Amino acid sequence: MCGRYTLRRSLDDLLADLAALLGDDWAGIEMDESFSNAEATCQRYNIRPSSQNLVIRHYQGRTSLGLSRWGFQPPWMTVAYQQETRRGPFINARAETVSTQRAFASATLENRCLVIADGFYESAAGTGPKKQPYFFEFPEQSLFLMAGVEAGFPGPDWQPNHANYAILTQPARPPADDIHHRMPVILSADAGMRWLDNADLPLEPLSADTYDTMAAIRLTPVSRGLFKRDAEGPDCLAPPANDETAPPAQGSLF
């Protein structure tokens, strides 16, 4: 996963769409302490790592909607460690190994989350200015849920910028594998709630059981202007410029 996604609707529309997506489960979701800042996380066309974004989390019997920073930082990843190893927080976690890796094993058992999106970007072969980004979305900008794990969950001394998350990824399926070798684990509402409830489910079936219903996902080449430092707004979805060469858009991811 290239590390960027979208949440293009207003906060009011997001809450209405979440209620429709989650059905009866929506009534059991609370707004946590950080939700007062949620409006700034919406109407985004280029969500990057290190930004605060909305997630649904389940912890100690409570399911809530609130903010978390994209970039998973386990307790041992101190500032000194990052400086010494020149490694930053993890933005992704492999679904195949997340339950056994040192960084994520505890979070997989205790701190799962769902990351809310309505599109994501992947880049095709190439490097730097030759890398061609594609945008993936469902019809009518439908919301979807990506499986995640979280660290720094709210506690007695919690501050809104303490919680942080990584998005689970899996091997890309044709024809997505022509664009990128990984893709996010996207879950149906039912599978998402099972993920939050820490059900003892193998991750591969969990990530695969929704794909038949997702055949309508679309991918479209977009301008490389997406990679500009401050790129934001609808222009992130502009078609490639005339001097850019990109393969034609494909109709379906599956």
Side-chain angles (χ1 to χ4, degrees), residues 1-23 26 29 31 34-57 65-71 91-92 113-123 132-148 165-169 176 179-180 183-189 192 210 213-241 246 249-254:
M1 185 176 176
C2 75
R4 303 191 185 199
Y5 65 94
T6 64
L7 190 58
R8 293 164 286 172
R9 64 242 303 129
S10 68
L11 181 59
D12 288 343
D13 287 343
L14 170 65
L15 295 178
D17 291 343
L18 275 175
L21 177 65
L22 296 175
W26 176 245
I29 297 178
M31 310 304 172
S34 66
F35 186 77
S36 59
N37 297 318
E39 190 167 358
T41 71
C42 296
Q43 296 180 307
R44 299 287 308 280
Y45 287 75
N46 194 6
I47 294 175
R48 301 174 177 84
S50 80
S51 62
Q52 284 194 323
N53 304 297
L54 282 169
V55 302
I56 302 172
R57 52 170 70 100
L65 177 66
L67 300 188
S68 191
R69 188 174 301 277
W70 189 9
I91 65 171
N92 296 143
C113 66
L114 295 171
V115 182
I116 306 163
D118 58 22
F120 65 93
Y121 300 96
E122 300 286 10
S123 294
Q132 174 60 52
Y134 282 77
F135 183 63
F136 293 69
E137 65 175 335
F138 294 99
E140 300 180 359
Q141 300 184 15
S142 297
L143 279 182
F144 56 87
L145 305 171
M146 299 183 288
Y165 67 94
I167 296 171
L168 268 62
T169 68
I179 306 301
H180 196 275
M183 62 179 289
V185 174
I186 300 174
L187 301 176
S188 68
T210 62
T213 65
M214 295 185 175
I217 199 167
R218 302 177 299 198
L219 55 155
T220 306
V222 295
S223 171
R224 296 185 188 106
L226 171 74
F227 298 130
K228 292 180 179 178
R229 181 176 181 179
D230 298 321
E232 183 50 88
D235 286 348
C236 291
L237 301 179
Q250 301 180 44
S252 174
L253 178 56
F254 304 107

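Predicted, not measured: the structure shown is a model, and the values here were computed from it.
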For the residue pair Phe144 and Phe120, categorise the inter-ring angle as parallel (less than 30°), tilted (30 to 60°) or perpendicular (more than 60°).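 Geometry flag for Phe120 against Phe144: perpendicular rings.
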
In sequence, state the C-alpha distance, the side-chain angles, and the governing distance for Leu237 and Arg8, and then conclude on side-chain contact (heavy atoms from CB on, under 4.5 Å). CA-CA 11 Å; Leu237 301 179; Arg8 293 164 286 172; 3.8 Å; yes

Please check: side-chain N/O of [X] versus main-chain N/O of [Y], any donor-acceptor pairing under 3.5 Å?
X	Y	value
Ser34	Gly66	no
Arg44	Tyr5	no
Arg9	Leu15	no
Arg69	Ser50	yes
Ser223	Gly225	yes
Asp17	Ser142	no

Could you give the distance from [atom1] ([X]) to [atom2] ([Y]), rounded to the nearest 0.5 Å?
X	Y	atom1	atom2	value
Met146	Leu187	CE	CG	10.5 Å
Tyr134	Thr220	OH	OG1	9.5 Å
Arg48	Tyr121	CZ	OH	9.5 Å

Could you work out, with ring pair (Phe, Tyr, Trp, His ring centres under 6.0 Å) as the rule, every residue matching Phe35, not counting sequence neighbours?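 Ring pair (Phe, Tyr, Trp, His ring centres under 6.0 Å) check on Phe35 returns nothing, list empty.
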
Report yes if some heavy atom in the side chain of [X] is under 4.5 Å from a heavy atom in the side chain of [Y]; otherwise report no.
X	Y	result
Leu65	Trp26	yes
His180	Pro133	no
Ile29	Leu18	no
Asp118	Leu14	no
Cys42	Leu54	yes
Tyr45	Leu226	no
Tyr165	Trp70	yes
Asn37	Gln52	no

Grab the two heavy atoms, one from [X] and one from [Y], that are nearest each other, plus how far apart they are.
X	Y	value
Asn46	Ala231	ND2-O, 3.1 Å
Phe227	Ser123	CZ-OG, 3.5 Å
Leu114	Gly192	CD1-O, 3.6 Å
Phe138	Arg218	O-NH2, 3.8 Å

Is a side-chain donor-acceptor pair under 3.5 Å present for Ser51 with Asn53?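 A donor-acceptor contact under 3.5 Å links the two side chains.
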
Passing candidate, side-chain contact (heavy atoms from CB on, under 4.5 Å) with Ile167, options Ile91, Asn92, Val185: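 Result: among Ile91, Asn92, Val185, Asn92 is the only option passing the side-chain contact (heavy atoms from CB on, under 4.5 Å) with Ile167.
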
Does CD belonging to Glu232 count more than 12 external heavy atoms closer than 6.0 Å?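 Yes, the 6.0 Å shell around CD holds more than 12 heavy atoms from other groups.
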
Go through the steps to decide whether Leu145 and Ile116 satisfy the test side-chain contact (heavy atoms from CB on, under 4.5 Å), and finish with yes or no. CA-CA 5 Å; Leu145 305 171; Ile116 306 163; 4.2 Å; yes

